[in-house]
Number of protein chains: 2
Amino acid sequence: MDSSSGKLESSDKLLLAALHLIAEKGYNGVTTQEIATAAGLSEKTLFRHFGSKQKLLEAAFDRYHYAAEMKKLFAEKLVWDLEKDLLLVTTTYHEIMNRNRKMIQISLKEDEGQLPGFRERTQKHPQQLLEILTNYFIDMSSKGKIVTANPELHAFTFIMMHFGAFMNDLDSHKSYPGITLEPFVQESVRLFARALRP
Amino acid sequence: MDSSSGKLESSDKLLLAALHLIAEKGYNGVTTQEIATAAGLSEKTLFRHFGSKQKLLEAAFDRYHYAAEMKKLFAEKLVWDLEKDLLLVTTTYHEIMNRNRKMIQISLKEDEGQLPGFRERTQKHPQQLLEILTNYFIDMSSKGKIVTANPELHAFTFIMMHFGAFMNDLDSHKSYPGITLEPFVQESVRLFARALRP
DNA sequence: AGTATGTCAGTCAGTACTGACAGTCTATTT
DNA sequence: AAATAGACTGTCAGTACTGACTGACATACT
C-alpha cells in the first residue's frame with residue numbers, strides 16, 4: 001500500500017469510475033460490471049470492497065463531496081469594494097460548484113429515495129451563499145455604497161445568474177455556442193455593480 | 001372514440017403517465033408495468049399501442065413537446081420600453097419553459113444516446129431567445145435607450161438569470177425556501193433595467 | 001363483425017450478488 | 001536463501017430476481 005505513490009488504490013479507482021459513469025448515465029444506467037471494467041478491476045473486487053452497488057455510490061459521495069464552510073472563505077477576504085467582492089464571490093462559487101460537479105449531476109439525475117440525504121448536502125452551499133451575500137448587501141447599503149432595497153432578492157438574483165450559467169455548462173449542454181464562462185463572469189459582475197449603484 | 005368528451009384516450013393516458021413517471025424517476029427507473037398501472041390500463045395495452053418502451057417515450061416527447069417559434073411571439077408585441085419589454089420576455093420565457101417542464105426534466109436525466117435528438121429540441125427555445133434578445137439590445141442601444149456594449153453577453157446574462165431560477169424551481173428543489181418566482185421576476189427585471197440605463 | 005382491452009402464463013436477456021478455488025505479491029520468519 | 005503467511009485480486013460457474021415483451025384466449029362495447 002504505497003499511499004504516497006501516484007497509483008491509486010483499488011477502492012479509489014472504483015469510486016472514481018462509479019462517480020464518472022453514474023454522473024453520465026444514471027445509477028440505473030450503469031452496471032457493476034461496467035464500473036469494475038472501467039476501473040480496470042473485476043466485478044468481484046467491487047463487491048468485496050463495497051458489498052453492494054448502493055454502498056458503492058454512497059461511499060463515492062462521502063469521499064468526494066466537497067463541503068467546506070463558505071463563511072470562512074469570505075470572512076477575511078471581503079474588501080468592501082462592490083465589484084471586487086462580487087468577483088471573489090463569483091469565482092469562489094464556480095470553483096466549489098465545479099469541484100462538486102459530478103455529485104451535482106448525480107443528484108440531478110436520481111430522485112430522492114435512491115439517494116438518502118444527498119440533496120441536502122448539494123444544497124448546503126447555495127443556502128450558505130445566499131445568507132452571506134444577503135448580509136453583505138445589507139452592510140454595503142448601510143455604508144451607503146449600494147441601493148438599499150431588497151437585499152435578499154438581489155442576492156438571490158445574483159446567485160441565480162451564476163447558477164444558471166453553471167447548469168448551462170454542466171454536461172457541456174452547449175446550448176449557447178461561442179459563449180464562455182470567463183467573459184460572462186466579468187460582464188455579469190460589472191452589470192450587477194451598475195445595477196446596485198446608489 | 002369520443003374525442004370531444006373529457007375522457008382521454010388510452011394512448012394519451014399512457015403517454016401522460018409515462019411522461020410523469022419518467023420525468024420523476026428516469027427512463028430506467030420506471031417499469032412498463034408501473035406506467036400502465038398509473039394510466040389505469042394493462043401492460044399489454046401499452047405494448048399493443050406503442051410496441052416498445054422506447055417508442056412510448058419517443059411518442060410522448062413528440063406529442064407533448066411545445067415548440068413554437070419565439071420570433072412570432074415577440075415580433076409585434078415589443079413596445080421599446082426596456083422594463084416592459086423585459087417583463088414580456090421573461091414571462092414568456094417562464095411560460096414556455098413550464099410548458100416543457102417534463103420534457104426538460106427528462107432530457108436532463110437521460111444522457112444523449114437514449115434520447116436521439118431530444119436535446120436539440122429542448123435547446124431550440126433558449127437559442128432563439130438569445131438571438132431575439134441580442135437583436136433587441138442592439139436596436140435599443142442604437143436608439144440611445146441603453147448602454148451600447150456587449151449586447152450578446154447582456155442578453156446571455158439576462159437569460160441565465162431566469163434559466164437559473166427555472167432550474168432551481170424544477171423538481172421543487174427548494175434550495176431557497178421563502179423565495180418565490182413572482183417577486184423575483186419583478187425585481188430582476190427592475191435591476192437589469194437599472195444596469196443597462198445609459 | 002370489429003375494435004379495444006384484460007388476463008395469464010410464459011420466454012428471454014440482463015443484472016446484482018455469491019461461493020469456491022487459484023494466482024500473485026509482499027513482508028516476515030526460519 | 002527459502003519457506004510461509006496474509007492480503008488482494010482474478011476466474012468461473014451459478015443463483016435469484018427483475019423487467020421487457022409475446023401469444024392465446026376471453027370479454028365487452030359499438
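Order of the sequence lines sets the chain letters (A, B, ...), proteins ahead of strands, with each chain counted from 1. Reckoned from all heavy atoms, side chains included, excluding hydrogens, waters and symmetry mates.
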[X] [atom1] to [N] [atom2], straight-line distance once rounded to whole Å:
X     : N      : atom1 : atom2 : value
B:E34 : D:dA20 : CD    : P     : 9 Å
A:I35 : C:dT15 : CD1   : C1'   : 12 Å
B:L46 : C:dT7  : CG    : P     : 15 Å
B:Q33 : D:dA20 : CD    : P     : 9 Å
B:R48 : D:dT27 : CZ    : C1'   : 12 Å
B:N28 : D:dA20 : CG    : P     : 9 Å
A:E43 : D:dA13 : CD    : C1'   : 13 Å
A:F47 : D:dG10 : CZ    : P     : 14 Å

Can you tell me if the side-chain N/O atoms of [X] get under 4.0 Å from OP1 or OP2 in [N]?
X     : N      : answer
B:T32 : D:dA20 : yes
A:T45 : D:dT9  : no
B:H49 : C:dA4  : no
B:K44 : C:dG6  : no

Mind checking whether B:H162 and B:F166 have ring centres under 6.0 Å apart?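 No, ring centres 6.0 Å or more apart.
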Do A:Y136 and A:D85 have side-chain atoms, one donor and one acceptor, less than 3.5 Å apart?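 A donor-acceptor contact under 3.5 Å links the two side chains.
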Winner on side-chain proximity to A:K53, out of D:dC21, D:dA20, C:dC17, is C:dC17
Choosing from D:dT11, D:dG19, C:dC17, which nucleotide comes nearest the side chain of A:S42? D:dT11
With DNA chain C as reference, determine whether A:T31 or B:G40 sits nearer its 5' end, using the nearest nucleotide of each. B:G40
Let me see the working for B:V185 and B:L87 under side-chain contact (heavy atoms from CB on, under 4.5 Å), right down to the final yes or no. CA-CA 8 Å; B:V185 165; B:L87 211 57; 3.9 Å; yes
With a 4.5 Å cut-off on side-chain heavy-atom distances among I, L, V, M, F, W and Y, is there a chain of contacts connecting A:L14 to A:L16?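 In one cluster: yes.
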Taking B:L191's backbone N and O only, do any of them form a donor-acceptor pair with A:H154's side chain (distance below 3.5 Å, no angle check)?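 Side chain of A:H154 to backbone of B:L191: no pair is present.
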